[in-house]
Novice: 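Mind having a look at this structure? Questions to follow.
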Protein chains: 2
Amino acid sequence: MNFNKTTEYSLRILGFMSIEEDKIYSAEVLNENLEIPFRYLRKQLTKLSNNGLLTSYRGKSGGYMLSKPSKEITLWDIIEVTEDIDHTHQCIFGFEDCAFGQRCAIHHKWEKIQEAINEMLKDTTLEELKRIGPQRFISQHNLMLTKNV
Amino acid sequence: MNFNKTTEYSLRILGFMSIEEDKIYSAEVLNENLEIPFRYLRKQLTKLSNNGLLTSYRGKSGGYMLSKPSKEITLWDIIEVTEDIDHTHQCIFGFEDCAFGQRCAIHHKWEKIQEAINEMLKDTTLEELKRIGPQRFISQHNLMLTKNV
DNA sequence: CACAAATGACACCTTTAGGTATTATTAACC
DNA sequence: GGTTAATAATACCTAAAGGTGTCATTTGTG
Ligand code: SF4
Ligand code: SF4
């Protein structure tokens, strides 16, 4: 009943990057600020690039930048990449072929909650999440290296 | 964002057993009716016994029975056994020491959803779930062996 | 008591998410 | 063009959840 580590990491990364969303952040810099194992961070950044959430710049003074304005990236977009959701299969009991015409007691309750979650995920954009996490992450943000400075 | 297999299995088991909650069900019988790998089912039944949800009867014509009336067993009770929830740590980003006085945008929304989920889990009893899952599971229920017949 | 039919305990195997290591490729800058 | 600082690709390792196998223990019954 919660998100996996990869999702958490991705939220951290993207949340941090959206503080100044027109800057390029290298994996090195992100590693210094977010507490994510370096190699895994690298892997994850590549994945986020390959899935269109980040644009990557290779070569010297390269790094990553949000591929779209933060207000156009929803939590849902992120979670679709990091969590593999089975959109069809939502029975709380794991039944794949429930044959009831009349649903069981929990079905409706559960469905409502699912809807609430999805709604939240689709309605919340990175823009709202500029300032997340412990203060220390944010306060160090001005140490960032940028492409243009 | 969903329950693990062990939780699903447990819900199936207990849901099925609550159809006739004063009967003793052997692992063998449960295995014939619910589609759960036999050994793992056995393991899980032991765990549910050890955690007070089931009472086990050893020896010939033994098996398992609900330890309490189904209306006194909530989904929450079950999930506490099968899912290991960290009750303290609920930050969607996985931060353990968020230092904000002013919470981030998602914090409140997420908290509300968590509450809705917990409320549902605590309000829903096995009693409401007597008839769950595909029809075939239920229709075979009269083949049960019991202690007293 | 001996046998059969059930659960209990415990060790082991398998799959997958999380994490590392290595080598190749790209691009700015001298 | 060569050096350096960055990402890309790929393969491998580790820990935890899911799943098996074996043997011991309990209890009803002839
Ligand atoms: S305010 Fe945001 S970052 Fe801080 S604990 Fe709440 S959800 Fe996590
Ligand atoms: S009615 Fe109940 S058992 Fe059937 S799919 Fe819905 S939640 Fe699952």
Side-chain angles (χ1 to χ4, degrees), chain A residues 1-10 12-13 17 23-32 34-65 67 79 81-86 94 144-149, chain B residues 1-10 12-13 17 23-32 34-65 67 79 81-86 94 144-149:
Chain A
M1 277 316 301
N2 37 27
F3 297 113
N4 60 35
K5 272 239 154 75
T6 302
T7 298
E8 290 180 6
Y9 289 161
S10 298
R12 264 193 237 177
I13 294 165
M17 290 177 71
K23 290 207 187 324
I24 287 182
Y25 301 82
S26 71
E28 181 63 30
V29 166
L30 292 170
N31 181 56
E32 284 164 7
L34 310 172
E35 288 158 355
I36 303 172
F38 186 63
R39 312 274 177 187
Y40 199 55
L41 170 64
R42 289 283 312 282
K43 197 185 205 176
Q44 207 47 36
L45 287 166
T46 303
K47 189 175 185 186
L48 292 171
S49 292
N50 290 340
N51 284 278
L53 290 173
L54 295 178
T55 306
S56 76
Y57 300 89
R58 299 180 72 169
K60 198 167 178 177
S61 79
Y64 303 87
M65 195 172 67
S67 64
I79 281 159
V81 171
T82 57
E83 205 98 9
D84 55 308
I85 311 171
D86 180 355
M144 294 305 96
L145 300 175
T146 71
K147 187 171 188 173
N148 310 317
V149 177
Chain B
M1 278 316 299
N2 37 25
F3 297 111
N4 61 35
K5 272 237 153 76
T6 302
T7 299
E8 290 182 5
Y9 289 161
S10 299
R12 265 193 237 178
I13 294 165
M17 289 177 71
K23 289 207 187 326
I24 288 181
Y25 300 81
S26 70
E28 181 62 31
V29 165
L30 291 170
N31 182 56
E32 285 163 8
L34 310 171
E35 288 158 356
I36 302 172
F38 185 63
R39 312 274 177 190
Y40 198 55
L41 170 64
R42 290 280 313 282
K43 198 185 204 174
Q44 206 48 36
L45 287 166
T46 302
K47 190 175 185 186
L48 292 172
S49 292
N50 290 340
N51 284 277
L53 291 174
L54 295 178
T55 306
S56 77
Y57 299 90
R58 299 181 71 170
K60 199 167 178 177
S61 78
Y64 303 88
M65 195 171 67
S67 65
I79 280 159
V81 172
T82 58
E83 206 98 9
D84 54 309
I85 311 172
D86 181 355
M144 294 306 96
L145 300 175
T146 71
K147 187 172 190 173
N148 310 317
V149 177

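This structure is a prediction, so every number in the text was calculated from the model and none was measured. Side chains included, hydrogens not; waters and symmetry mates left out as well; all remaining heavy atoms used. A note on names: the letters A, B, ... follow the listed sequences, proteins ahead of strands, and every chain is numbered from 1.
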Novice: Should B/Thr46 be listed as having a side-chain N or O under 4.0 Å from OP1 or OP2 of C/dG8?
Specialist: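 True: B/Thr46 side-chain N/O within range (under 4.0 Å) of C/dG8 OP1/OP2.
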Novice: Go through C/dG8, D/dT20, C/dG19 for me and flag the one nearest to the B/Ser49 side chain.
Specialist: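 Closest nucleotide among those given: C/dG8.
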Novice: Rounded to whole Å, please give me the gap between NZ in B/Lys5 and C1' in C/dT15.
Specialist: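 The answer, rounded to whole Å, is 11 Å.
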Novice: Just verifying a value: how many Å separate A/Lys47 NZ and A/Tyr40 OH, rounded to the nearest 0.5 Å?
Specialist: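 Reported value, rounded in 0.5 Å steps: 7.5 Å.
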Novice: For A/Lys60 and for A/Leu45, find the nucleotide of DNA chain D with the closest heavy atom, then tell me which residue's nucleotide is more 5'.
Specialist: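 First, find each residue's nearest nucleotide; the 5'-ward one identifies A/Lys60.
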Novice: Mark yes or no for a side-chain to base donor-acceptor pair under 3.5 Å between B/Arg58 and D/dT27, with no hydrogen or angle criteria applied.
Specialist: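 Looking at the base of D/dT27, it does not pair with any donor or acceptor on the side chain of B/Arg58 (distance under 3.5 Å).
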Novice: I would like to know whether A/Thr46 and A/Tyr64 meet side chain to side chain contact (heavy atoms under 4.5 Å, CB included); could you show each step before the answer?
Specialist: CA-CA 9 Å; A/Thr46 303; A/Tyr64 303 87; 4.1 Å; yes
Novice: Using only side-chain N and O atoms of B/Thr6, determine if any of them is under 4.0 Å from OP1 or OP2 of D/dG18.
Specialist: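 Answer is yes, contact under 4.0 Å.
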Novice: Phosphate oxygens OP1/OP2 of D/dA9: is one of them under 4.0 Å from a side-chain N or O of A/Asn50?
Specialist: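 For D/dA9, OP1/OP2 do have a side-chain N/O of A/Asn50 under 4.0 Å.
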Novice: Without decimals, in angstroms, what is the distance between A/Tyr9 OH and C/dT20 P?
Specialist: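 After rounding, the gap between these two atoms is 9 Å.
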Novice: A/Pro37 side chain: which of C/dT20, C/dA6, D/dA6 is closest?
Specialist: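 In terms of side-chain proximity for A/Pro37, the closest of C/dT20, C/dA6, D/dA6 is C/dT20.
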Novice: Specify the separation, in whole Å, of atom CD of A/Gln44 and atom P of D/dT7.
Specialist: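 It is 14 Å, rounded to the nearest whole Å.
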Novice: Rounded to the nearest angstrom, tell me the gap between atom NZ in A/Lys47 and atom P in D/dA9.
Specialist: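 For the pair A/Lys47 NZ and D/dA9 P, the rounded distance is 14 Å.
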Novice: Report yes if a side-chain nitrogen or oxygen of A/Ser56 is closer than 4.0 Å to either non-bridging phosphate oxygen (OP1 or OP2) of D/dA8; otherwise report no.
Specialist: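 Yes, within the criterion.
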Novice: Output the single nucleotide from C/dT20, D/dT20, C/dT7 whose closest atom is nearest the side chain of B/Tyr40.
Specialist: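 Nucleotide nearest to B/Tyr40's side chain: D/dT20.
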Novice: For the atom pair OG1 (A/Thr55) and CD1 (A/Ile24), what is the distance rounded to the nearest 0.5 Å?
Specialist: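 If we round to the nearest 0.5 Å, A/Thr55:OG1 and A/Ile24:CD1 are 9.0 Å apart.
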Novice: Can you name the closest pair of heavy atoms from B/Glu8 and B/Phe3 and give their distance?
Specialist: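 For B/Glu8 versus B/Phe3, the nearest heavy atoms are OE2-O, 4.0 Å.
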Novice: Would you say the base of C/dG18 and the side-chain of A/Lys43 have a donor-acceptor pair closer than 3.5 Å?
Specialist: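 In this structure, the two groups form no donor-acceptor pair.
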Novice: What nucleotide, of C/dT7, D/dG21, C/dA28, holds the atom closest to the side chain of B/Arg42?
Specialist: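 Of the candidates, C/dT7 comes closest.
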Novice: About how many Å separate CG of B/Leu41 and CD of B/Glu35, when rounded to the nearest 0.5 Å?
Specialist: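 Those atoms lie 12.5 Å apart.
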Novice: How long is the line joining CG of B/Leu30 and C1' of C/dT7, in whole Å?
Specialist: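 To the nearest whole Å, that distance equals 13 Å.
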Novice: Of all the nucleotides listed (D/dG19, C/dG18, C/dG8), which has the minimum atom distance to the side chain of B/Tyr64?
Specialist: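 Among D/dG19, C/dG18, C/dG8, the one nearest the side chain of B/Tyr64 is C/dG8.
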Novice: Send over the distance from A/Asn31 CG to D/dA5 P, rounded to a whole Å.
Specialist: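 Between P of D/dA5 and CG of A/Asn31: 17 Å.
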Novice: Hey, could you give me the CD1/CG distance between A/Ile36 and A/Leu45, rounded to the nearest 0.5 Å?
Specialist: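 These two atoms lie 8.0 Å from each other.
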Novice: Could you state the atom-to-atom distance from CD1 of A/Ile24 to P of D/dA5 in whole Å?
Specialist: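 Between P of D/dA5 and CD1 of A/Ile24: 17 Å.
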Novice: Could you check how far CD of A/Glu28 sits from C1' of D/dA5, rounded to whole Å?
Specialist: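 Whole-Å distance recorded here is 10 Å.
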Novice: Any side-chain N or O of A/Tyr57 less than 4.0 Å from the OP1 or OP2 oxygen of C/dA28?
Specialist: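 Answer is no, no contact under 4.0 Å.
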